[in-house]
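A short write-up of the structure that comes next.
Residue numbering restarts at 1 for every chain, and letters A, B, ... go by the order of the sequence lines. What you see below is based on every heavy atom in this structure, not just the backbone, and it leaves out hydrogens, waters and symmetry mates.
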Amino acid sequence: MRFESLIFQLLVGLSTAMLYWIVSVGLTFTFGVTRVLNFAHGSFYMLGAYFTLALHSLTGNFVLSVVGASLLVGTVGVLCERGLIRFSYLLPVPFQLVLTFGLVLVFEDVVRFFWGTVPKMMPSLGIGTVKMMGRRFPLFSFYLIAIGCLIGFFLYLLINRTKWGMMIRAMISDYELATATGINPEVLYATAFFLGSFLAGLGGALSLPISAASPGMGEHIIIYSFIVTVMGGLGNIKGAFVSSLIIGVAEGIGALYFADLTMAIPYLVLAAILVVKPEGIFGEV
Amino acid sequence: MMPERENILTVERLKAFYGKSQILFDVDLSVGKGEIVALIGRNGVGKTTTLMSIMGMVEKRDCRILFEGEDITERKPYQIARMGLTFIPDRGGVFPNLTVEENFALSLREGYFTPDYVFEHFPQVRGLLKRKGGQLSGGERRLVGISRGLLTNPRLLVIDEPSEGLAPAIVREIAGVLSHLKKEGLSMLITDQNLPFIMALADRIYIMDNGQIKVSGSKEELPREVIEKYLAV
């Protein structure tokens, strides 16, 4: 049975990897564009989950709720960026960290106020399972893997094949020249923040069929996102994809062999990789 | 006195600051329509800061900058750029992680200068289209940077140190390109330290030292030894 367990855990690992990827690519992307490491990114993940719950109880349609919640979170992200974060772009990094950490506290209390502290489960979606090698594997995990890959493809097109993506890349590579070319950086900051927060919200929404929503869920995911982001190279999208896969799969497989160490695995992997490549797998962007 | 001609750019009493330290002290200069004006001086005298102040990239106080009669003193860099004031920084003015083609696509604005114009007059650019800006040689980067600037269809081209770090043959080539553009009627403000290059191109010269304009005049009326004095290290 050893081999089947391995495949099973590999799939589990891949599907959690996709969740890490969806969230952390949002974080690394907004960092790449704005140079602000947004602690509140985890809060956006949490909001994505709670908004989905709320919309689902209203509409009863999961897909619609996920999309609606992600768009809402994207909007919250832009409001935070335009209302607060943009004033910190020229300030030293500690100010940015304190500011976005303040947002974490605010959002956590907002969630506690409206939804309480008790974790909230999504009602069963009835997505079901597939039978594989004598075991039942949740179909949703396959969906998650597919969605993760689709997002990767979509981001690739967005960044490499659109005018907006071209402007983003131009601004990252030479800010001064970009403004001297007539590019309005404020618009790019705001839209980049929308996209990043949207992805965080989407990740939170997609986590619901797997785990309950709770006010602390943002902290858990932001740590993982930081690990992935640092490991792949700050601002590096390809890096985020590869390190999400490494972390997710290492956790999945690791649970099989070192069950007691599961919690420590991401940190150990991160440490090992940073020893070899201090700038992250693909380097900072 | 110079004969009165319409100015495309007028800078009055420009005072620029980096944080608390003042870099420029009451810089006055103007560029006439169709003119090439050179701002010369040693490294660190404030040439680049002057250009960046005009582009709205540096903090300035108590001064006025007019571009085609409009006050642009308080405008943001991207707004100034969209008015047709195109700045080519000394790094070459090419986005390193974009292909040359993308560099062009990003800059293209409707007008007289089209990609076809660029390929016709600077044929070697065509062969560089698929390359990334960061993979170009110094001379190629200059040429692509100027082409990119042209595609914005500028009213005024502001070029920082166009000859810097280039081999003499390439400097002559760039001078040829710029004098061709002058014949097209394009106004330019350039900084440089290469005297033959300046003498071949500029109509008028401003000499800077310590953040101030020390001497100015047409290249015919400025004594050579004065220019050399301010350029000597």
Checklist line | Test of ring centre spacing under 6.0 Å for A/Phe241 and A/Phe282 | finding: no

Check: When heavy-atom pairs shorter than 4.5 Å are enumerated against chain A, which of B/Gln79, B/Glu102, B/Arg109 gives the highest number?
Finding: B/Glu102

Note to self: Between B/Val94 and chain A, with a heavy-atom cut-off of 4.5 Å, which part of the residue counts as in contact: side chain, backbone, both or neither?
What the structure shows: backbone

Next item on the list: Classify the ring geometry between B/His180 and B/Phe122 as parallel (under 30°), tilted (30 to 60°) or perpendicular (over 60°).
Entry: perpendicular

Next item on the list: For chain A, find which of B/Gly56, B/Gly93, B/Pro89 contributes the most heavy-atom pairs closer than 4.5 angstrom.
Entry: B/Gly93

Check: Would a distance-only check, ignoring hydrogens and angles, find a side-chain to backbone donor-acceptor pair under 3.5 Å from A/Arg169 to A/Ile159?
Finding: yes

Notebook entry, point to check: Between A/His41 and A/Tyr45, is the gap from one ring center to the other below 6.0 Å?
Noted result: no

Next item on the list: For this output row, return yes or no: ring centroids of A/Phe44 and A/Phe198 closer than 6.0 angstrom.
Entry: no

Note to self: So which residue, B/Arg82, B/Met83, B/Met55, ends up with the most heavy-atom pairs under 4.5 Å with chain A?
What the structure shows: B/Arg82

Next item on the list: For chain B, find which of A/Thr181, A/Leu177, A/Thr179 contributes the most heavy-atom pairs closer than 4.5 angstrom.
Entry: A/Leu177

